[in-house]
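Let me begin by presenting the structure, written as structure tokens, before commenting on it.
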Amino acid sequence: MLKNLKLKKALLALTVPAILATACEQKRPTAETTATTDQPTDTTTQSSDSDSTGQKFLNKPLISEIYTADPSAHVFNGRIYIYPSHDIEAGIPQNDNGDHFAMRDYHILSMDSINGKVTDHGVALDVKDIPWAGRQLWAPDAAFKNGTYYLYFPVKDKQDIFRIGVATSKSPTGPFKAQPQPMANSYSMDPAVFTDTDGTSYMYFGGIWGGQLQRWSSGKYNPKDEYPADDQPALTPKVARLSKNMLEFDEPVKNVQILGKDGKPLLAKENDKRFFEAAWLHKYNGKYYFSYSTGDTHNIAYAIGDSPYGPFTYQGVILNPVLGWTNHHSIVQVKDKWYLFYHDTELSKGQTHLRNVKVTELTHRPDGTIETITAHQE
Ligand code: FUB
């Protein structure tokens, strides 16, 4: 993720007038707490008021007791569960590797309906309880199969290389117990698990810059950051079918091809369209929708295909840039409506590593394309 510090600083200075307020260590409840967040009657249609800087937000943060980001939402047994990152102020200066995103545990949130009360279920997994982990618990996802809940998470190992781990629980809210080793052949970050209607599960993953995807171009780890030239195909996200026990890849990792409307792979220079991080897959009317963040251009974009492996053809933008550098989402059906879970930095007034999760309704048009959402206006 974050690499060009000067560019980031310039962008933040443009979009956020007064952001560098002193941050304090966030309290990390260990017991279950219910947030009374004063939700509007319909979070998905009502804007929150302009804040003191005159910025307008389409939705309110789902909780304000802790900072949360990268929301992966699922419906399990009729209840909505959100698996987010838990942002903290760790006091680490911002740098090109994203070291300031120094998260140490996960909290799971749940609600009985989109406008319902949000419950924070406390610490579900702590980095100190993952035997092989070093630092930085980034964007997780979850799945349910065989009577077990699986929490998939990226974390740097003790050699500072991102790997993907899995932890299990009999409850959707944990506590989760991590496997003793990372998933074999996993690398980079931002795992997203999609289970198809035939019951087969796939993991999508990868993220460039601080997410280290560019170090795996040869299939082996290369500590040097090497990027394709501008007129070469962009780096691709990855996919692998999961084994029946959901703990391993069931096949070699494959590239996910994202094509332009001309049928050719998107190029590295197409920053406003090409993949950067935050993969997600949902299925709608028999088609597979692969969505992702374009990173340094801050869009959530999407592409449509006929198979969970792709290729996917680029369609457009689902979510325009939000307040903050990162943009990360999930898409889930709740009853007969579709929702986009996303984050921004409304609560921290633009501190890019202190984010808060939100939700808004998402609309598929009759032709299958998705209406673009603008969730933040200056
Ligand atoms: O939360 C840490 C990282 O920021 C995630 O893994 C990326 O997708 C970005 O949102």
Side-chain angles (χ1 to χ4, degrees), residues 1 61-63 66-77 79-87 101 103 105-111 114 118-121 123-125 136-145 148-155 162 164-169 171-174 176 178 183 186 188-196 201-207 211 237-239 242 246 275-283 289-293 300 302 308 318-319 322 326-334 338-344 355-360 362:
M1 48 180 301
L62 287 175
I63 62 161
I66 58 171
Y67 289 118
T68 52
D70 310 322
S72 293
H74 294 273
V75 177
F76 294 133
N77 288 323
R79 189 167 175 87
I80 303 162
Y81 294 90
I82 308 166
Y83 297 83
S85 300
H86 174 197
D87 284 354
F101 291 89
M103 298 84 102
D105 63 26
Y106 293 117
H107 283 223
I108 292 152
L109 312 178
S110 75
M111 26 188 204
I114 287 294
V118 179
T119 300
D120 172 357
H121 295 272
V123 175
L125 180 66
Q136 295 183 287
L137 281 176
W138 282 12
D141 192 17
F144 175 68
K145 203 176 265 185
T148 300
Y149 293 88
Y150 299 86
L151 179 68
Y152 298 94
F153 56 89
V155 68
F162 264 118
I164 296 169
V166 55
T168 58
S169 176
S171 160
T173 57
F176 284 86
M183 294 174 77
S186 72
S188 195
M189 42 74 126
D190 286 3
V193 172
F194 163 74
T195 299
D196 207 346
S201 298
Y202 303 84
M203 180 182 288
Y204 301 83
F205 63 95
K238 307 295 170 190
V239 61
L242 293 178
M246 298 293 274
F275 173 82
F276 187 99
E277 63 187 2
W280 188 259
L281 196 115
H282 76 279
K283 192 175 184 181
Y289 288 65
F290 182 76
S291 49
Y292 53 94
S293 168
I300 297 296
Y302 75 109
I318 294 177
L319 178 64
V322 295
T326 65
N327 205 350
H328 192 126
H329 71 302
S330 63
I331 294 169
V332 67
Q333 184 173 14
V334 182
W338 287 84
Y339 293 92
L340 177 81
F341 285 77
Y342 66 102
H343 68 220
D344 65 18
R355 301 161 290 181
N356 49 258
V357 298
K358 297 186 169 184
V359 62
T360 201
L362 174 140

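Not measured: the values here are computed from a predicted model. For the single chain, residues carry numbers from 1 onward in sequence order.
Side chain of Trp138 to main chain of Phe101: a donor-acceptor pair is present (N/O by atom type, distance under 3.5 Å, no hydrogens or angles). His74 places a side-chain N or O within donor-acceptor distance of the main-chain N or O of Ala142, the cut-off being under 3.5 Å. Looking at Thr173, its side chain never comes within 3.5 Å of a backbone N or O of Ile108 through a donor-acceptor pair. Panel note: side chain Ser293, backbone Glu277; no donor-acceptor pair is recorded below 3.5 Å. With hydrogens and angles ignored, the 3.5 Å screen pairs a side-chain donor or acceptor of Asp141 with a backbone N or O of Val193.
Within the 4.5 Å cutoff, no side-chain heavy atoms of Thr148 are placed close to those of Met246. Residues Phe275 and Phe290 meet the side-chain proximity criterion, which asks for heavy atoms closer than 4.5 Å. Looking at Phe162 and Pro154, their side chains come closer than 4.5 Å, going by heavy atoms from C-beta outward. With a 4.5 Å cut-off on side-chain heavy atoms, Tyr83 and Pro172 count as touching. Annotation: side chain of Ile318 is in contact with side chain of Ile331 (closest heavy-atom distance under 4.5 Å).
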Show the numbers, then the answer: is there a side-chain contact (heavy atoms from CB on, under 4.5 Å) between Tyr342 and Lys358?
CA-CA 5 Å; Tyr342 66 102; Lys358 297 186 169 184; 3.6 Å; yes
Please step through side-chain contact (heavy atoms from CB on, under 4.5 Å) for the pair Tyr202 and Leu281, ending with a clear verdict.
CA-CA 9 Å; Tyr202 303 84; Leu281 196 115; over 6 Å; no
Before giving the answer on side-chain contact (heavy atoms from CB on, under 4.5 Å), spell out for Val322 and Arg355 the whole-Å C-alpha distance, their side-chain angles and the decisive distance to 0.1 Å.
CA-CA 11 Å; Val322 295; Arg355 301 161 290 181; over 6 Å; no
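With values rounded to the nearest 0.5 angstrom, Asn327 atom CG is found 4.5 Å from Leu319 atom CG. Here the OG-NE2 distance, from Ser85 to His343, works out to 8.5 Å after rounding to the nearest 0.5 Å.
For the side-chain contact (heavy atoms from CB on, under 4.5 Å) test, residues two or more places apart in sequence or in another chain that qualify with Val334 are Val75, Ile80, Ile114, Val332, Tyr339. With sequence neighbours left out, Ser201 forms a side chain to side chain donor-acceptor pair (under 3.5 Å) with Lys145, Thr195.
For the 3.5 Å distance criterion, the side chains of Ser171 and Ser169 fail to qualify, holding no donor opposite an acceptor. Side-chain atoms of His107 and Thr68 form no donor-acceptor pair, as typed in the model, at a separation below 3.5 Å.
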